[in-house]
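One structure is given here, and the rest of the page talks about it.
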Amino acid sequence: MNALAATNRNFRQAARILGLDSKIEKSLLIPFREIKVECTIPKDDGTLVSYVGFRVQHDNARGPMKGGIRYHPEVDPDEVNALAQLMTWKTAVADIPYGGAKGGIGCNPKDLSVSELERLTRVFTQKIHDLIGVNTDVPAPDMGTNAQDLGGSLGREAATGRGVVYATEALLAEYGKHVKDLTFAIQGFGNVGAWAGKLIHERGGKVVAVSDITGAVKNPNGLDIPALLSHKEKTGKLIDFAGADVMNSDELLTHECDVLIPCALGGVLNRENADNVKAKFIIEAANHPTDPDADEILSKKGVVILPDIYANAGGVTVSYFEWVQNIQGFMWDEEKVNRELKKYMTRAFHNLKGMCHSHNCNLRMGAFTLGVNRVARATQLRGWEA
């Protein structure tokens, strides 16, 4: 099942639990606007090359639309649509005054030089310029893009990974457990995975396995994350790290650990591998890492899954803090950013759990009903039938 079909399925289930009117259910699913542009740029060697860019603006009932722009070869309209919709529910779960959007360009950023990436970004921005802005649609960095920016917020780079750790702590507290007593496996060691790993390590948690596109490493006694990060910075890869053994990347998701944190692409947990997952908790730091089949299998096994629309909301929450600081022209110190982030992530978890109790549902449906209900109420208050 592709990302859009899975997201729609979760939405419809939440709408059914909430008893939403069929007309409002239909209107919430339809994106506000879909943009597709052709981005033609000269390469450094003088030849012309063309890429297709997308921006889906899903909903603005609760405020300006918000979402990242990713550069990845697999960017397609369905994926962007699903991720834009997820942003609508995610911002509502975090209770920040935004709607959802998402954008992307189908390219491999590793094949492009810095100046080619700059030209591509400028052309894409130029083409969608009239439809984005501080009160309309606020883009953000995502996979394959970065936060190179003026007027950014301190703590933004670490925000998604830090939010993942705050979310994990909130969940574990429900079970009387602590990060320092558990073992973790992290799939994907880019920005989110690296920050999550670093912060778990600082809290005394044992990261026993890590993977990225260059390979995978393990150490049953726990990896020295700061040393692994500096090794990756020097060599560009995880393997050949002195403090670890090499392992097959495919085995990371089924590796022996208490907590599994997928931080890479969607759909990595599926019918084929779900039965072999040994973790007791899965924290969805990636967007849509667990497909519906895997969801069912894992639930039957008693695995607790903390859903993406809550678990990785730290990035958009600090993007909101950044927006507030820029509008006010008053910048916060990093300590305040992190303190506020912890407050938002902890409060959102308790709100989510409240929905689980009210509707007798799992954490994913708790998050979806929380988000969908808030957007539906805002839509009705704005006079959606008019």
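Since the structure is predicted, the reported quantities are computational estimates derived from the model, not experimental observations.
Within 6.0 Å of NZ in K278 there are more than 12 heavy atoms belonging to other residues, nucleotides or ligands. Within 6.0 Å of atom CZ in R347, more than 12 heavy atoms from other residues, nucleotides or ligands are found, so the atom counts as buried in its surroundings. Counting heavy-atom neighbours within 6.0 Å of D333 CG, excluding the residue itself, gives a total above 12. Atom CG of L131 has more than 12 heavy atoms from other residues, nucleotides or ligands within 6.0 Å. Counting heavy atoms of neighbouring residues, nucleotides and ligands inside a 6.0 Å radius, atom NZ of K301 exceeds 12 of them. The environment of CD in Q328 is crowded: more than 12 heavy-atom neighbours from other residues, nucleotides or ligands sit within 6.0 Å. Within a 6.0 Å radius of NZ in K127, other residues, nucleotides and ligands contribute more than 12 heavy atoms. Within 6.0 Å of CD on E335 lie no more than 12 heavy atoms contributed by other residues, nucleotides or ligands.
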Practice item. Decide yes or no on side-chain contact (heavy atoms from CB on, under 4.5 Å) for T379 and I24, but give the supporting numbers first. Key: CA-CA 8 Å; T379 305; I24 195 160; 4.3 Å; yes
Point to revise | D59/L28 under side-chain contact (heavy atoms from CB on, under 4.5 Å): CA gap, chis, key distance, verdict | key: CA-CA 8 Å; D59 190 279; L28 288 177; 4.2 Å; yes
Review point. For Y71 and L117, what are the C-alpha separation, side-chain angles and deciding distance, and is it a side-chain contact (heavy atoms from CB on, under 4.5 Å)?
Key: CA-CA 10 Å; Y71 287 5; L117 282 167; 3.8 Å; yes
Check your understanding: For K280 and D258, what are the C-alpha separation, side-chain angles and deciding distance, and is it a salt bridge (Lys or Arg N to Asp or Glu O under 4.0 Å)?
Key -> CA-CA 5 Å; K280 299 164 196 71; D258 298 313; 3.0 Å; yes
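Checked for salt-bridge contact, E169 and R203 meet the test: a charged N lies under 4.0 Å from a carboxylate O. Salt bridge status for R364 with E284: present, with a side-chain N to carboxylate O gap under 4.0 Å. E296 and R9 are joined by a salt bridge, as a carboxylate oxygen and a charged side-chain nitrogen come within less than 4.0 angstrom of each other. Classification of D95 and R62 as a salt-bridged pair holds, one side-chain N sitting under 4.0 Å from a carboxylate O. Using a 4.0 Å cut-off between charged side-chain N and carboxylate O, D44 and R119 make a salt bridge.
A distance of 11.0 Å separates CG of N273 from CG of L252, quoted to the nearest 0.5 Å. Here N60 contributes atom CG and F32 contributes atom CZ; the two are 5.0 Å apart, rounded to the nearest 0.5 Å. Atom SG of C39 and atom CZ of R122 lie 14.0 Å apart (nearest 0.5 Å). Between the SG atom of C356 and the CZ atom of F349 there is a distance of 7.5 Å, given to the nearest 0.5 Å. With rounding to the nearest 0.5 Å, the separation of CG in N191 from CD in E157 is 5.5 Å. For the atom pair CG of L341 and OG1 of T317, the computed distance is 6.0 Å after rounding to the nearest 0.5 Å.
Hydrophobic cluster membership is shared by V304 and M355, with clusters built from Ile, Leu, Val, Met, Phe, Trp and Tyr side chains linked at under 4.5 angstrom. Grouping the Ile, Leu, Val, Met, Phe, Trp and Tyr side chains by contacts below 4.5 angstrom, directly or via other members, places V75 apart from V268. There is a path of hydrophobic side-chain contacts, each under 4.5 Å, that joins F189 to V164. Under the 4.5 Å side-chain contact rule for hydrophobic residues, L265 and L269 do not share a cluster. One hydrophobic cluster, built from ILVMFWY side chains closer than 4.5 Å, holds both L171 and I186.
Under the 3.5 Å distance criterion, the side-chain polar atoms of H231 are matched with a main-chain donor or acceptor of I239. In this structure a side-chain-to-backbone donor-acceptor pair under 3.5 Å is missing from T47 to K43. A donor-acceptor contact shorter than 3.5 Å links the side chain of T254 to the backbone of E251. No donor-acceptor distance shorter than 3.5 angstrom exists from the side chain of S153 to the backbone of R156, with no hydrogens or angles considered. In this structure a side-chain-to-backbone donor-acceptor pair under 3.5 Å is missing from E25 to S22. The backbone N or O of E74 sits less than 3.5 Å from a side-chain atom of H72, completing a donor-acceptor pair. Looking at Q187, its side chain never comes within 3.5 Å of a backbone N or O of V210 through a donor-acceptor pair. N219 places a side-chain N or O within donor-acceptor distance of the main-chain N or O of G243, the cut-off being under 3.5 Å.
Of all the heavy atoms in C263 and A285, the pair that sits closest is SG-CB, 3.6 Å. The shortest non-hydrogen separation linking D308 to A286 is CB-O, 3.3 Å. Taking every heavy atom of both residues into account, G314 and M345 meet most closely at N-SD, 3.9 Å. For G106 against Y51, the heavy-atom pair with the smallest separation is O-CD2, 3.5 Å.
Residues D240 and V246 form no side-chain contact, since every pair of their non-hydrogen atoms from C-beta on lies 4.5 Å or further apart. Considering only heavy atoms from C-beta on, L154 stays 4.5 Å or farther from M331 through its side chain. Contact annotation: the side chain of D142 never approaches that of I69 to less than 4.5 Å [non-hydrogen atoms, C-beta and beyond]. Residues P64 and W323 are in side-chain contact: their nearest non-hydrogen atoms beyond the backbone lie under 4.5 Å apart. In this structure, the side chains of H201 and P226 come closer than 4.5 Å at one or more pairs of heavy atoms. Side-chain contact check for F184 versus C257: every heavy-atom pair is 4.5 Å or farther apart. Residues V56 and I35 fail the side-chain proximity criterion, which asks for heavy atoms closer than 4.5 Å. I200 places a side-chain heavy atom less than 4.5 Å from the side chain of V165.
Between the side chains of S249 and S211, not a single donor N or O lies within less than 3.5 Å of an accepting N or O. For the 3.5 Å distance criterion, the side chains of N312 and K90 qualify, holding a donor opposite an acceptor. Under 3.5 Å, the side chains of R70 and T145 contain no donor-acceptor pair of N or O atoms. No donor-acceptor contact under 3.5 angstrom links the side chains of Y98 and S319, judged on distance only. No donor-acceptor contact under 3.5 angstrom links the side chains of Q85 and T7, judged on distance only.
The one candidate from K102, K66, R55 that meets the salt bridge (Lys or Arg N to Asp or Glu O under 4.0 Å) condition with D137 is R55. Only one option out of I282, N270, L260 pairs with L253 in a side-chain contact (heavy atoms from CB on, under 4.5 Å); it is L260.
Ring orientation note: the planes of W89 and H58 are nearly perpendicular, at an angle over 60° on the 30°/60° scale. Aromatic ring pairs are classed by plane angle as parallel below 30°, tilted from 30° to 60° and perpendicular above 60°; the pair F321 and Y344 is perpendicular. Ring geometry, F281 versus Y175: the interplanar angle exceeds 60°, so the pair is classed perpendicular (tilted spans 30 to 60°).
With sequence neighbours excluded, no residue forms a side chain to side chain donor-acceptor pair (under 3.5 Å) with T168.
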